[in-house]
Amino acid sequence: MIVTTAELFDVAYGKFAIGAYNINNMEQALGLFEGHMRAKAPFIIQISRGARKYAGVKMLEAIIRAADEMYPEAIFAVHLDHGDEETCYDCIDSGFYSSVMIDASHEPFEENVAITRRVVERAHARGISVEAELGQLGGVEEDIAVDEKHAKLTDPDEAKQFVELTGCDSLAVAIGTSHGAYKFKGRQGLHFDRIAEIQKRLPGFPLVMHGSSSVPREEVERINAAGGALDPSARGVDANEFARAIPLGVTKVNIDTDGRLVWTRVHREHFRDHPENFDFRKPGKAFIEAYAEFIVDKSNKLNSTGQLETVRQALSEKAVA
Ligand code: G3H
Ligand code: 13P
Ligand code: ZN
């Protein structure tokens with residue numbers, strides 16, 4: 001069942017986070033649904049502009065609708081990841097997406113507000129949720145001065161102003177993470193002090209953490225042992241830190257890179273160990289299973305395991321009221 005992200009956040013805020021995973025193909029979709037049914041967890045499917053180009057808008061919709069029929073117990077949102085204004089409108093008008101992200105964080109504050117406000121108006125008129133972004137992810141280095149170091153993190157006062165001016169339903173905040181496999185050097189990690197400051201200004205308002213892949217060392221080593229050439233110093237977010245971020249208002253946690261690492265490890269190891277094989281269904285099947293187990297593990301870290309019935313209950317109470 002497709003629901004909005006706002007409906008999921010109402011139930012989750014402060015208690016657990018909803019995992020938001022990017023998909024590009026059928027194998028990811030099957031592993032994603034299977035894993036969440038094993039974990040009995042609600043989830044968010046994210047579709048990037050790159051995914052829409054790669055698989056085609058219609059194909060992605062068909063894959064998701066088919067998975068929804070195959071797993072009728074599933075409760076999830078369909079969300080545009082890092083949208084520009086035009087793609088947001090396309091998704092809103094499609095009648096398929098239940099949530100969009102307008103990413104105008106590279107624009108000056110006033111322009112970001114104006115663009116986001118326009119998207120919110122059009123999305124809310126159709127009952128669709130909107131995630132916006134303020135601050136710039138990444139590039140936070142350990143060896144630069146404190147002021148500079150915080151230059152790109154989300155400013156808590158601006159965050160409050162931004163949410164009031166735009167009416168967005170959730171806000172992606174820059175709190176130390178970046179996209180991809182190379183997030184932190186040395187002892188860096190999440191800026192919990194900054195998240196707490198934002199929550200103080202926006203109590204009860206759902207915050208989104210992009211760039212939340214963990215980039216497990218073991219996964220990188222296995223990929224490299226099977227012929228890969230990833231930088232072994234690659235480091236991501238410690239998934240055990242999700243539990244600390246959740247009570248501070250982090251309600252949506254975006255994960256893409258880790259899923260790509262699972263895909264790469266399974267396929268590299270498969271073809272290393274079975275050089276005679278050319279039936280892609282064999283590694284495909286192994287990937288679906290590995291991805292499902294990966295989702296179970298992430299759901300445990302997000303505290304979303306077992307929350308499916310809580311969400312179902314809340315939705316049916318809302319429907320009665
Ligand atoms: O944040 C970006 C996501 O990882 C999606 O990546 O644009 O390559 O599909 P993509
Ligand atoms: P990762 O690159 O850490 O998986 O982040 C994904 C993301 O933020 C998608 O919007
Ligand atoms: Zn992102």
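Remember, it's 1-based here, ligands and their atoms both numbered in the order they're listed.
- Counting atoms of ligand 2 from 1 in the listed order, those under 4.0 Å from a heavy atom of Gln46 are 9 (C), 10 (O).
- With no hydrogens or angles considered, no side-chain donor-acceptor pair links Ser304 and Gln307 at under 3.5 Å.
- Between the side chains of His124 and Asp169, at least one donor-acceptor pair of N or O atoms lies under 3.5 Å.
- Among Asp103, Leu137, Asp256, the residue whose heavy atom sits closest to atom 6 (C) of ligand 2 is Asp256.
- Of the protein's non-hydrogen atoms, the one nearest atom 10 (P) of ligand 1 is Arg260 NH2, 3.5 Å.
- Both the backbone and the side chain of Thr257 come within contact range of ligand 2, each with a heavy atom under 4.0 Å.
- Counting only distance, with no hydrogens or angles, the side chain of Arg201 and the backbone of Glu197 share a donor-acceptor pair below 3.5 Å.
- When heavy-atom distances to ligand 2 are checked against a 4.0 Å cut-off, Val237 has no atom that comes that close, whether in backbone or side chain.
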**Request:** Test side chain to side chain contact (heavy atoms under 4.5 Å, CB included) on Ile115 and Glu111 and set out the steps.
**Result:** CA-CA 6 Å; Ile115 296 169; Glu111 189 58 18; 3.8 Å; yes
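- At the top of the distance list for atom 3 (O) of ligand 2, counting protein heavy atoms only, stands Lys183 NZ, 2.5 Å.
- Atom CD1 in Ile246 sits 9.0 Å away from atom CZ in Phe16 (nearest 0.5 Å).
- Those atoms of ligand 2 that come under 4.0 Å of a heavy atom in Gly211, given as number and element, are 1 (P), 3 (O), 5 (O), 7 (C), 8 (O).
- Residue Val208 is tested with Asn254, Ile44, Leu171 for a side-chain contact (heavy atoms from CB on, under 4.5 Å); the sole match is Asn254.
- Residue Ser212 touches ligand 2 through its backbone alone, judged by heavy-atom distances below 4.0 Å.
- Geometrically, ligand 2 and Gly180 share a nitrogen or oxygen pair separated by less than 3.5 Å.
- Which of Arg49, His179, Met101 comes nearest to atom 1 (O) of ligand 1 through a heavy atom is settled by distance: it is His179.
- Considering backbone and side-chain atoms alike, Asp256 places an N or O below 3.5 Å from some N or O of ligand 1.
- Between the side chains of Gln313 and Glu309, no donor-acceptor pair is found at a separation under 3.5 Å.
- A salt bridge does not link Lys285 with Glu289: none of the charged nitrogens is closer than 4.0 Å to a carboxylate oxygen.
- Salt bridge Glu73/Lys40: absent, no basic N to carboxylate O contact under 4.0 Å.
- At the shortest separation from atom 9 (C) of ligand 2 among protein heavy atoms lies Asp81 OD2, 3.2 Å.
- Here's the thing with Ser48: one of its N/O atoms is less than 3.5 angstrom from an N/O atom of ligand 1.
- Close contacts between ligand 2 and His210 involve ligand atoms 8 (O), 10 (O) [criterion: under 4.0 Å to a heavy atom].
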